[in-house]
Amino acid sequence: MNDARYVETNARLPMLLSRIKPTGSPYQRHRPGCVITAMWWMHWPCLFPQHGRGPKHTRRIALERWQQRIVHDQPAALLRGLFHSDGARVANWATRPLKNGVTRRYAYPRWQFSNRSDDIHRICQDALDLAGVPWRRSSAVHTSVSTRAGVAALDALIGPKR
């Protein structure tokens, strides 16, 4: 399920599914505010062994060795998927007191990845490390990329969320 506002992503998803399984038949259902893209295939659990019953944050999530090799070679692809699905590029703000007693407020861009699973945060953080993008765990549910250099690097790696 994806937000209907991301028109380019929703248009690209059936093509990506067809690349994974060329004989498959991806389909989309439109619901108020969202687009559901799906394709039935009995081998999805082979590609995503992390899938299972119950909430992700209550069970162990770990990459298999073959998945780790792919992420090592292509961390940007994983980061794009993580930040475009469960992340956002936001305008953060901060205040700074000036010498004359006046407080100045300024805004700066920042990427935030949100998830309740510590395991998924660890996977995201490891990929950020591989890509050389500085990050910090800003709360129990957020991993943030806030430095000017980090935001620029992540922008270049994953592009805008559309």
Side-chain angles (χ1 to χ4, degrees), residues 1-22 24 26 34-39 41 43-52 54-94 96 106-162:
M1 188 173 350
N2 202 23
D3 193 312
R5 290 178 293 182
Y6 300 114
V7 177
E8 289 180 31
T9 298
N10 289 321
R12 194 175 67 233
L13 287 174
M15 182 271 304
L16 292 173
L17 290 174
S18 292
R19 286 179 62 192
I20 294 168
K21 183 177 188 262
C34 71
V35 177
I36 300 166
T37 304
M39 182 173 75
W41 189 25
H43 292 292
W44 282 124
C46 299
L47 291 178
F48 300 103
Q50 298 80 10
H51 183 69
K56 294 182 298 261
H57 68 282
T58 62
R59 56 187 159 84
R60 185 174 177 273
I61 304 287
L63 298 179
E64 301 289 333
R65 280 194 196 276
W66 64 269
Q67 292 171 313
Q68 291 172 2
R69 285 192 298 271
I70 293 169
V71 171
H72 185 269
D73 293 343
Q74 301 177 44
L78 175 65
L79 292 170
R80 185 178 306 109
L82 290 172
F83 279 91
H84 285 192
S85 63
D86 291 333
R89 189 177 191 276
V90 298
N92 199 41
W93 62 271
R96 178 158 304 181
Y106 63 97
Y108 60 94
R110 154 170 145 171
W111 279 99
Q112 280 194 299
F113 173 71
S114 302
N115 203 290
R116 291 175 58 193
S117 167
D118 287 332
D119 291 342
I120 294 174
H121 275 282
R122 198 168 307 105
I123 290 167
C124 177
Q125 294 158 2
D126 289 347
L128 288 166
D129 287 343
L130 281 170
V133 176
W135 59 271
R136 71 182 186 90
R137 185 77 182 255
S138 53
S139 76
V141 296
H142 294 111
T143 293
S144 300
V145 175
S146 303
T147 65
R148 184 176 290 132
V151 170
L154 197 55
D155 284 347
L157 281 173
I158 69 174
K161 186 174 175 177
R162 299 183 217 195

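Count residues from 1 along the sequence. These values consider heavy atoms only, across backbone and side chains, with no hydrogens, waters or symmetry-generated copies.
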Test log, rule side-chain contact (heavy atoms from CB on, under 4.5 Å), inputs Arg137 and Asp118: CA-CA 10 Å; Arg137 185 77 182 255; Asp118 287 332; 3.0 Å; yes

So do the side chains of [X] and [Y] get within less than 4.5 Å of each other, counting heavy atoms only?
X     : Y      : result
Val71 : Leu130 : yes
Trp41 : Ile20  : yes
Phe83 : Arg89  : no
Lys56 : Asn115 : yes

Polar side-chain atom of [X] near backbone of [Y] as donor-acceptor pair, under 3.5 Å:
X      : Y      : answer
Gln67  : Leu47  : yes
Arg116 : Val141 : no
Arg60  : Asp119 : no
Trp135 : Gly150 : no
Gln112 : Ser144 : no
Gln68  : Leu63  : yes
Asn10  : Tyr6   : yes

side-chain contact (heavy atoms from CB on, under 4.5 Å) evaluation trace for Leu78 with Ile123: CA-CA 9 Å; Leu78 175 65; Ile123 290 167; 3.7 Å; yes

Measure the [atom1]-[atom2] distance between [X] and [Y] for me, rounded to the nearest 0.5 Å.
X      : Y      : atom1 : atom2 : value
Ser146 : Leu154 : OG    : CG    : 11.0 Å
Arg19  : Arg12  : CZ    : CZ    : 10.5 Å
Asp3   : Thr9   : CG    : OG1   : 10.0 Å
Arg136 : Leu128 : CZ    : CG    : 13.5 Å
Asn2   : Ser85  : CG    : OG    : 8.5 Å
Asp73  : Arg69  : CG    : CZ    : 9.0 Å

Restricting to non-hydrogen atoms, name the atom on [X] and the atom on [Y] that form the minimum distance, rounded to 0.1 Å.
X      : Y      : result
Cys124 : Leu79  : O-CD2, 3.8 Å
Cys46  : Trp66  : O-CZ2, 3.6 Å
Phe113 : Ile120 : CZ-CG2, 3.7 Å
Glu64  : Gln50  : N-NE2, 3.9 Å
Pro134 : Val145 : O-CG1, 3.6 Å
Ile158 : Ala76  : CG2-O, 4.0 Å

Plane angle bin for Trp111 and His84 - parallel if under 30°, tilted between 30 and 60°, otherwise perpendicular: parallel

His72 atom NE2, neighbour heavy-atom count above 12 within 6.0 Å: no

Atom CE of Met15 with >12 non-hydrogen neighbours under 6.0 angstrom: yes

Side-chain donor-acceptor contact under 3.5 Å, Tyr106 with Arg96: yes

